[in-house]
Amino acid sequence: MAKPIPSSGAGAVRIILKNKDDFHFDLRKKEEDGSKTSYIFDVFYVNATGTLNMAVENDKIVIAALNLGLGKVITLSNDDNLKKLCRYVLDAQ
């Protein structure tokens with residue numbers, strides 16, 4: 001079984017990336033506006049559920065936020081691994 005995410009949310013993205021088989025997501029909404037595409041995914045991991053919001057422009061992830069309901073929203077500015085997780089989700093869908 002995969003390692004659960006601590007209640008503080010510390011290292012959540014790194015833990016998910018190491019246990020991708022236990023990470024599941026469903027596309028809830030996709031909107032296109034010119035060269036910008038926005039996505040909202042419902043995400044599920046061992047002990048956490050939440051949303052992953054991202055905006056992609058010219059194949060570059062420009063905005064991303066992961067909210068797992070653990071009291072902390074993970075963004076590109078506070079976790080460098082979030083871009084890797086977003087790329088994984090986009091490539092796997």
Side-chain angles (χ1 to χ4, degrees):
M1 184 169 166
K3 180 180 178 181
I5 296 171
S7 60
S8 67
V13 176
R14 186 171 25 98
I15 292 168
I16 292 169
L17 286 169
K18 288 182 178 181
N19 300 284
K20 292 178 191 169
D21 290 343
D22 295 300
F23 178 66
H24 306 283
F25 51 89
D26 294 315
L27 179 64
R28 183 190 316 168
K29 188 175 182 181
K30 177 180 177 181
E31 291 183 355
E32 295 184 27
D33 182 17
S35 63
K36 183 178 174 184
T37 306
S38 300
Y39 300 89
I40 299 175
F41 291 92
D42 291 321
V43 296
F44 311 92
Y45 183 72
V46 175
N47 65 327
T49 61
T51 58
L52 173 62
N53 303 328
M54 71 177 102
V56 178
E57 191 165 6
N58 298 322
D59 201 38
K60 182 179 177 189
I61 299 163
V62 292
I63 300 171
L66 176 63
N67 185 348
L68 294 174
L70 301 171
K72 177 182 176 186
V73 176
I74 302 163
T75 65
L76 293 175
S77 64
N78 64 20
D79 193 325
D80 293 335
N81 289 317
L82 184 56
K83 195 172 280 192
K84 293 176 189 175
L85 182 64
C86 290
R87 185 56 54 197
Y88 168 75
V89 169
L90 289 173
D91 292 344
Q93 72 162 339

Any residue meeting ring-ring contact (aromatic ring centres under 6.0 Å, His included) with Phe41, in chain and number order, not counting sequence neighbours | Phe25, Tyr39
Out of curiosity, [X] [atom1] to [Y] [atom2], how far, rounded to the nearest 0.5 Å?
| X | Y | atom1 | atom2 | answer |
| --- | --- | --- | --- | --- |
| Lys72 | Asn67 | NZ | CG | 12.0 Å |
| Lys20 | Lys84 | NZ | NZ | 9.5 Å |
| Asn81 | Leu76 | CG | CG | 11.0 Å |

Search all heavy atoms of [X] against all heavy atoms of [Y] and return the closest pair with its distance.
| X | Y | value |
| --- | --- | --- |
| Cys86 | Leu52 | SG-CD1, 4.0 Å |
| Arg87 | Asp59 | NH2-O, 3.1 Å |
| Asn78 | Val73 | ND2-O, 3.2 Å |
| Leu70 | Pro6 | CD1-O, 3.9 Å |
| Ala12 | Leu68 | CB-CD1, 4.0 Å |

Please answer: with hydrophobic residues joined when any side-chain heavy atoms are less than 4.5 Å apart, are Ile40 and Val43 in the same cluster?
-> no
With the 4.5 Å side-chain cut-off for hydrophobic clustering, are Met54 and Leu27 part of the same group?
->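 In one cluster: yes.
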Option from Ile15, Val46, Leu17, Ile16 for which side chain to side chain contact (heavy atoms under 4.5 Å, CB included) with Phe23 holds |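 The single option meeting the side chain to side chain contact (heavy atoms under 4.5 Å, CB included) with Phe23 is Ile16.
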Is the CG atom of Asp80 crowded by more than 12 outside heavy atoms at less than 6.0 Å?
-> no
Salt bridge (Lys or Arg N to Asp or Glu O under 4.0 Å) contacts touching residues 24-38 (sequence neighbours left out) =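 Checked against salt bridge (Lys or Arg N to Asp or Glu O under 4.0 Å) - neighbours excluded - the pairs reaching residues 24-38 are Arg28-Asp42, Lys29-Glu31, Lys30-Glu32.
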Where do Asp79 and Leu85 land on the side chain to side chain contact (heavy atoms under 4.5 Å, CB included) test, with the steps shown first?
-> CA-CA 11 Å; Asp79 193 325; Leu85 182 64; over 6 Å; no
Taking Asn47 for its side chain and Ile5 for its backbone only, find out whether a donor-acceptor pair lies under 3.5 Å.
-> yes
Determine which pairs satisfy ring pair (Phe, Tyr, Trp, His ring centres under 6.0 Å) with at least one residue from residues 43-93, sequence neighbours left out, and list them in order.
->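 Those involving residues 43-93 do not exist here.
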